[in-house]
Amino acid sequence: MAEQPTSEPHIEVRDESASDASERLDHRLLGPVIFGLAIVTSLIHLYFNTVSTLSELWTSALHFGLFGLICALTTPMLRVRSVAGQRAVLGVDVLLGLAALACAIYLMLFENALYDRGVNFSTGDWIFSIAAVLLILEFARRTVGWFIPVLCILALSYVAWWGQYVDGIFNFPGLTWETVLFRSYIGGQGMLGSIARISWTYVFMFILFGAFLVKSGAGDFIIELARCAAGRFVGGPGFVAVFSSGLMGSVSGSSVANTVSTGVITIPLMRKAGFPARFAAGVEAAASTGGQLMPPVMGAGAFIMASYTQVSYLTIISVAALPALLYFLSVAMFVRIEAKRSHAVKLEDEEAPTLKDVLKDGWHFLLPLVVLVVALVYGFTPTYAAGIAILSVIVASWLSKHPMGPRDILEALVMGARNITTTAILLITVGLIVMVVSTTGIGNTFSIMITDWAGGSLLITIVLVALASLILGMGLPVTAAYIVLATLSAPAIYNLIAQSQLLDLVMSGNLPEQAKSIFMLVAPDKMDLLNAPMDQASAQQLLASVPDTFSSQLLEQALSPATLSMALVAAHMVIFWLSQDSNVTPPVCLTAFAAAAIAGTPQMRTGFTAWKLAKGLYIVPLLFAYSPLITGDFEQMLQVFCFALFGIYAIVAGLEGYLEHPLNPLVRLLMFPIGVLMLWPHGQIALDVTGLVIFIIAFVWSSRQGRRMSMPATT
């Protein structure tokens with residue numbers, strides 16, 4: 001059997017928080033046990049997602065038990081140095097892992113008996129419910145730190161105890177601990193609820209798909225393809241970082257995985273080309289953050305979004321493509337400007353293969369992605385599509401010089417199970433928080449509170465959500481931050497976006513007849529106003545006359561179901577994008593820290609550099625809320641994309657004070673209003689074209705200045 005290329009370890013995709021059992025692999029049985037357990041877990045999950053007829057609750061329970069056991073074996077409870085201490089810790093970890101599996105088996109055996117008793121807990125129900133909750137909190141502590149377990153404890157105790165002592169809108173009369181434990185574990189509303197189902201279906205299948213792609217050698221192909229496509233331009237290594245991170249992101253969906261897999265190659269290349277080390281690390285961190293925005297995987301968040309919005313996964317990734325491209329191009333703009341300013345050189349690698357050679361040797365790596373997209377378009381569910389794509393990876397590898405053999409397939413199964421362990425534990429744990437939010441109604445309360453604070457302003461609401469996401473991101477992984485924020489604030493943003501679209505209809509005089517009937521009930525004296533266009537102030541005053549009890553009905557009558565669905569997607573996209581900022585925003589920015597470790601630069605300063613380069617994370621969500629970038633037809637989306645591209649370029653030039661040549665203070669200051677003009681949703685194409693023409697003139701002028709300044713050096 002042919003050996004895999006030696007460069008493959010550089011592109012192994014590991015979960016960003018995954019631990020390794022190397023501290024105690026001196027135990028001769030532990031390594032093989034973990035290897036075999038990971039294979040069995042992957043195979044069982046493939047069975048779950050294809051032909052299994054088990055109930056979702058039982059499947060989620062086994063998902064918890066299996067990954068709880070893997071987590072216990074791979075992530076020690078304590079870090080000890082002595083051999084005796086390691087053995088003692090290992091013994092406790094084995095017992096805890098088996099206890100998690102026992103909790104799953106108990107639920108399957110005794111669930112019906114509980115319902116036969118009228119949901120009255122027996123002693124066994126108390127023991128295993130408490131054990132299950134404590135175990136998942138312990139596993140979460142090991143993998144993602146103390147923040148989430150403490151948050152879960154506060155949330156559960158709020159429902160059962162101290163919520164009744166809180167005054168005001170957050171007062172909750174409380175439930176018994178028996179009810180809380182039932183909903184947390186047995187009832188299928190908490191840790192084994194919808195979030196866990198997303199974990200063992202969509203997330204597992206796509207992470208396993210990514211593991212098979214990486215094991216087949218696709219990671220090396222992606223990096224070589226990026227080097228051939230962009231590496232020979234001035235500043236090419238920076239473009240390689242952006243390009244390869246985008247392609248790797250479409251496979252792994254993990255920002256830190258992107259950083260450590262591509263950064264070990266792109267950061268040294270960028271430094272060799274003349275980029276400052278801190279800038280090189282910042283580019284890799286910012287570009288890798290975009291990996292979770294890039295279809296078709298987009299991390300776990302895309303699957304959760306599809307579940308929350310009830311919009312198909314195919315639709316989600318379709319509307320996410322242009323915004324993701326816009327983000328990567330925004331990072332590339334910083335790269336080009338810095339390449340000009342730093343006089344970065346072209347790297348001529350005589351041994352580097354040509355684009356033709358790379359495609360000739362690796363074209364088959366693209367087949368699984370094509371199969372995945374075709375399966376989704378054809379109507380297969382995402383899990384079946386991922387399963388078909390996994391098989392296509394194996395078949396496609398037989399067209400390469402390094403076909404996947406039995407051992408490669410087994411190692412891919414192990415890699416997939418190991419890569420998802422932390423994510424599985426995280427999602428199961430977050431289910432407890434989601435259960436509390438839905439049980440108490442605190443999500444609606446929080447949405448109302450945000451709307452009141454913002455005074456009905458969509459912009460202020462987005463700013464508040466951005467601040468909340470940054471604070472949550474200091475203690476939560478981005479997926480958990482998105483789940484919490486989406487549960488709490490998505491209704492508020494959705495309502496404001498839908499109200500904005502309703503306002504446009506009223507201003508244009510195109511309100512549907514069925515919606516006008518509501519005004520006949522609540523404001524019959526203003527019916528004549530609805531038949532003609534009006535200014536914004538008059539339209540707002542007219543809508544304000546509709547009582548709150550009729551507002552949701554008015555939206556449903558005025559806007560089509562498809563429009564309302566896409567408004568909900570837009571709201572979730574805003575939150576999903578903003579939740580990524582903790583990757584690159586100090587003081588806690590794991591992606592930037594990973595890049596800094598590779599580049600050997602100060603962590604915090606690298607974080608600020610990455611934060612500057614990732615400005616698209618804040619600009620693009622505004623386009624979701626105020627423009628048809630994802631809610632319009634393709635022509636509208638493309639128009640917004642094109643003008644936004646140049647608008648962002650103008651803002652980047654203003655921030656950097658540079659285009660093709662240093663900008664004088666007046667031109668630099670002019671870049672900001674030009675950029676805003678092309679980004680602002682004024683609906684006037686003439687203004688967008690005017691801003692574009694001015695920017696092109698500034699760009700041509702800067703280019704001529706640059707050539708003029710370089711002429712003495714070339715003569």
Side-chain angles (χ1 to χ4, degrees), residues 10-18 143-145 147 210 219 238 240-268 270 277-294 297-301 324 327-328 330-332 334-335 419 422-423 426 466 469-482 576-618 620:
H10 293 299
I11 47 84
E12 180 178 349
V13 179
R14 294 293 306 273
D15 185 272
E16 53 200 72
S17 303
T143 53
V144 295
F147 190 92
V240 169
V242 176
F243 188 23
S244 60
S245 294
L247 293 176
M248 283 294 290
S250 68
V251 173
S252 71
S254 171
S255 57
V256 175
N258 284 351
T259 300
V260 299
S261 60
T262 60
V264 293
I265 296 175
T266 59
I267 290 176
M270 282 188 276
R278 181 155 51 91
F279 180 84
V283 168
E284 182 57 48
S288 294
T289 296
Q292 297 206 58
L293 308 173
M294 188 70 182
V297 178
M298 295 174 61
Y327 174 79
F328 283 107
S330 72
V331 179
F334 281 100
V335 171
N419 286 351
T422 295
T423 303
L426 170 65
S469 74
L470 179 59
I471 294 171
L472 283 176
M474 295 179 186
L476 294 177
V478 292
T479 301
Y482 164 65
F576 182 62
W577 274 60
L578 292 176
S579 66
Q580 309 299 319
D581 69 345
S582 60
N583 281 319
V584 291
T585 306
V588 180
C589 40
L590 297 181
T591 303
F593 290 168
I598 297 172
T601 55
Q603 290 186 336
M604 201 59 63
R605 294 182 66 188
T606 302
F608 279 109
T609 301
W611 176 70
K612 180 185 73 172
L613 300 177
K615 283 295 176 287
L617 285 178
Y618 305 96
V620 177

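Being a predicted model, the structure only gives us computed values, none of them experimental.
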If you look only at distance, which donor and acceptor atoms sit under 3.5 Å apart when one is on a side chain in residues 591-608 and the other is two or more places apart or in another chain?
from	atom 1	to	atom 2	distance (Å)
T591	OG1	S255	OG	3.0
T591	OG1	N583	OD1	3.2
T601	OG1	T606	OG1	2.7
T606	OG1	P602	O	2.6

Which atom names give the shortest non-hydrogen contact between [X] and [Y], and what distance separates them?
X    : Y    : answer
G238 : V283 : O-CG1, 4.1 Å
A614 : Y327 : CB-OH, 3.5 Å
I267 : A280 : CG1-O, 4.0 Å

N/O donor-acceptor pair under 3.5 Å between S579 side chain and F576 backbone: yes
Please examine the side chains of [Y] and [X], heavy atoms only from C-beta on, and report whether any two atoms are closer than 4.5 Å.
X    : Y    : result
T423 : T479 : no
V584 : L617 : yes
L426 : T143 : no

Check: T289/Q580 side-chain N/O donor and acceptor closer than 3.5 Å: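 Side chains of T289 and Q580: no pair found under 3.5 Å.
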Once you round to the nearest 0.5 Å, how far does [atom1] of [X] lie from [atom2] of [Y]?
X    : Y    : atom1 : atom2 : answer
L613 : F279 : CG    : CZ    : 5.0 Å
W577 : Y482 : CH2   : OH    : 14.0 Å
E284 : I265 : CD    : CD1   : 10.0 Å

Under the side-chain hydrogen bond (donor to acceptor under 3.5 Å, both in side chains) test, residues paired with T609 that sit two or more places apart: R278
